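Numbering of residues begins at 1 and proceeds along the displayed sequence. Quantities reported herein were computed from a predicted structural model and do not represent experimental measurements.
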Amino acid sequence: MMTINTVKTGTMRIALAVCLTFSAVLPAGLTAQAEAVQPSSGKAEAIIATGMQLIGTPYVFGAKSGQTDAFDCSSFTQYVFRQNGIELPRSSRQQAEVGTAVAKDELQAGDLVFSDTNRDGVINHVSIYAGDGKLLHTYRAGIGVTVSDFEGSTWDKTFVTARRVLPQESVQGDAATDPGVGAPLFGGASDSRGHDRDDDRPSSD
């Protein structure tokens, strides 16, 4: 007769096999980044897992909704959330108007992070906060879908607002006061990879 301990052991073995398989298919150098991402439970975990499966997919500005061989920042977030039953508008500026405002110091996995990398008062980039100080997003031809450090990056220095669009049972904690779209932005040089003014053009993303 199968005991409870036998079931638990089998479940743990399956989970370990899935993790090892996922790590094996990531491009070189990104396995460690994937392991560092620690999403919250429920829907947020599923969203991060969906996005991580797309690591390395090329960036193309103006990629169409539903297109999966290339993404721009907002088509990526739209696709990942749609795959998990949550509809988002197409552009980053439209996405910045949905959900509940969250302060930068209260980000949780699954929150959307919006930046004005052109420093012209217009949101032009959206990322998914993946937990542990990481952003899951796509930008610039030649880089594509990737995981980046948030603190000290251009996306941090030009942070405008963050939004929580997941059902409340998917995350923990109360929403904070909106930092405000159009609030004074932080200045500073580009981060170590130099992505400063061309993450996404402001015309449609």
Review point. Tell me, do Leu135 and Val147 make a side-chain contact under 4.5 Å, heavy atoms counted?
Key: no

Practice item. Please tell me if the side chains of Phe76 and Val126 come closer than 4.5 Å, counting only heavy atoms from C-beta onward. Key: no

Review point. Can you name the residues that form a side-chain contact (heavy atoms from CB on, under 4.5 Å) with Val60, not counting sequence neighbours?
Key: Ala70

Exercise for review: Just grab all the ring-ring contact (aromatic ring centres under 6.0 Å, His included) pairs involving residues 88-122, residues at least two apart or on different chains.
Suggested key: none

Check your understanding: Where is the tightest heavy-atom contact between Tyr129 and Gly133, given as atom of each residue plus distance?
Key -> OH-N, 2.9 Å

Exercise for review: Dump the intermediate steps for side chain to side chain donor-acceptor pair (under 3.5 Å) on Asn124 and Ser115, then the final yes or no.
Suggested key: CA-CA 6 Å; Asn124 72 327; Ser115 305; over 6 Å; no

Practice item. Write down the atom of Ser74, the atom of Ser92, and the distance for their closest heavy-atom approach. Key: CB-N, 3.5 Å

Point to revise | Tyr139: which of Thr146, Thr117, Asp72 passes side chain to side chain contact (heavy atoms under 4.5 Å, CB included) | key: Thr146

**Study point:** Non-neighbouring partners of Gln83 that pass side-chain hydrogen bond (donor to acceptor under 3.5 Å, both in side chains), sequence neighbours left out
**Key:** none

Study note, to complete from the structure: Taking every heavy atom of Gly110 against every heavy atom of Leu166, the minimum-distance pair comes out as CA-CD1, 4.1 Å

**Study point:** Check: Gln78/Ser65 side-chain N/O donor and acceptor closer than 3.5 Å
**Key:** yes

Check your understanding: Of all residues at least two apart in sequence or in a different chain, which pass the side-chain hydrogen bond (donor to acceptor under 3.5 Å, both in side chains) check with Thr68?
Key -> none

Review point. Can you find a side-chain donor-acceptor pair between Ser148 and His137 that sits under 3.5 Å?
Key: yes

Exercise for review: With sequence neighbours excluded, give me every salt bridge (Lys or Arg N to Asp or Glu O under 4.0 Å) pair touching residues 55-64.
Suggested key: none

Practice item. State, with a plain yes or no, whether a side-chain heavy atom of Thr138 is found less than 4.5 Å away from one of Ile143. Key: no

**Study point:** Between Thr158 and Asp116, a side-chain donor and acceptor under 3.5 Å
**Key:** no

**Study point:** Contact summary for Ala109 and Ala44, nearest pair of heavy atoms
**Key:** O-CB, 3.3 Å

Review point. Can you name the ring pair (Phe, Tyr, Trp, His ring centres under 6.0 Å) partners of Tyr79, sequence neighbours left out?
Key: Phe71

Review point. Passes side chain to side chain contact (heavy atoms under 4.5 Å, CB included), Asp111 versus Arg163? Steps please.
Key: CA-CA 6 Å; Asp111 290 342; Arg163 309 293 292 190; over 6 Å; no

**Study point:** Side-chain heavy-atom pair Arg82, Asn84 within 4.5 angstrom cut-off
**Key:** no

**Study point:** Under the side-chain hydrogen bond (donor to acceptor under 3.5 Å, both in side chains) test, residues paired with Thr77 that sit two or more places apart
**Key:** Gln95

Practice item. Might you work through the side chain to side chain contact (heavy atoms under 4.5 Å, CB included) test for Asp69 and Thr57, ending with a clear yes or no? Key: CA-CA 6 Å; Asp69 59 344; Thr57 304; 5.8 Å; no

**Study point:** Residues which pass side-chain hydrogen bond (donor to acceptor under 3.5 Å, both in side chains) with Gln94, listed by chain and number, not counting sequence neighbours
**Key:** Ser91

Exercise for review: Step by step, work out the side chain to side chain contact (heavy atoms under 4.5 Å, CB included) result for His125 and Ser127.
Suggested key: CA-CA 7 Å; His125 190 73; Ser127 310; 3.3 Å; yes

Check your understanding: So which pairs with a foot in residues 83-107 pass ring-ring contact (aromatic ring centres under 6.0 Å, His included), sequence neighbours left out?
Key -> none

Check your understanding: Step by step, would you call Gln67 with Ser75 a side chain to side chain contact (heavy atoms under 4.5 Å, CB included)?
Key -> CA-CA 8 Å; Gln67 182 178 349; Ser75 74; over 6 Å; no

Exercise for review: Going by the side chain to side chain contact (heavy atoms under 4.5 Å, CB included) test, name the single residue among Ile48, Leu88, Leu54, Val145 that passes it with Val80.
Suggested key: Leu54

Exercise for review: May I ask you to test the Asp156-Lys104 pair for a side-chain heavy-atom distance under 4.5 Å?
Suggested key: yes

Point to revise | Residue pairs involving residues 81-110 (criterion ring-ring contact (aromatic ring centres under 6.0 Å, His included); sequence neighbours excluded) | key: none

Check your understanding: Stepwise, does the salt bridge (Lys or Arg N to Asp or Glu O under 4.0 Å) test hold for Lys134 with Asp149?
Key -> CA-CA 5 Å; Lys134 305 291 184 181; Asp149 290 325; 2.5 Å; yes

Check your understanding: What is the distance from atom CD1 of Ile47 to atom CG of Leu136, rounded to the nearest 0.5 Å?
Key -> 10.5 Å

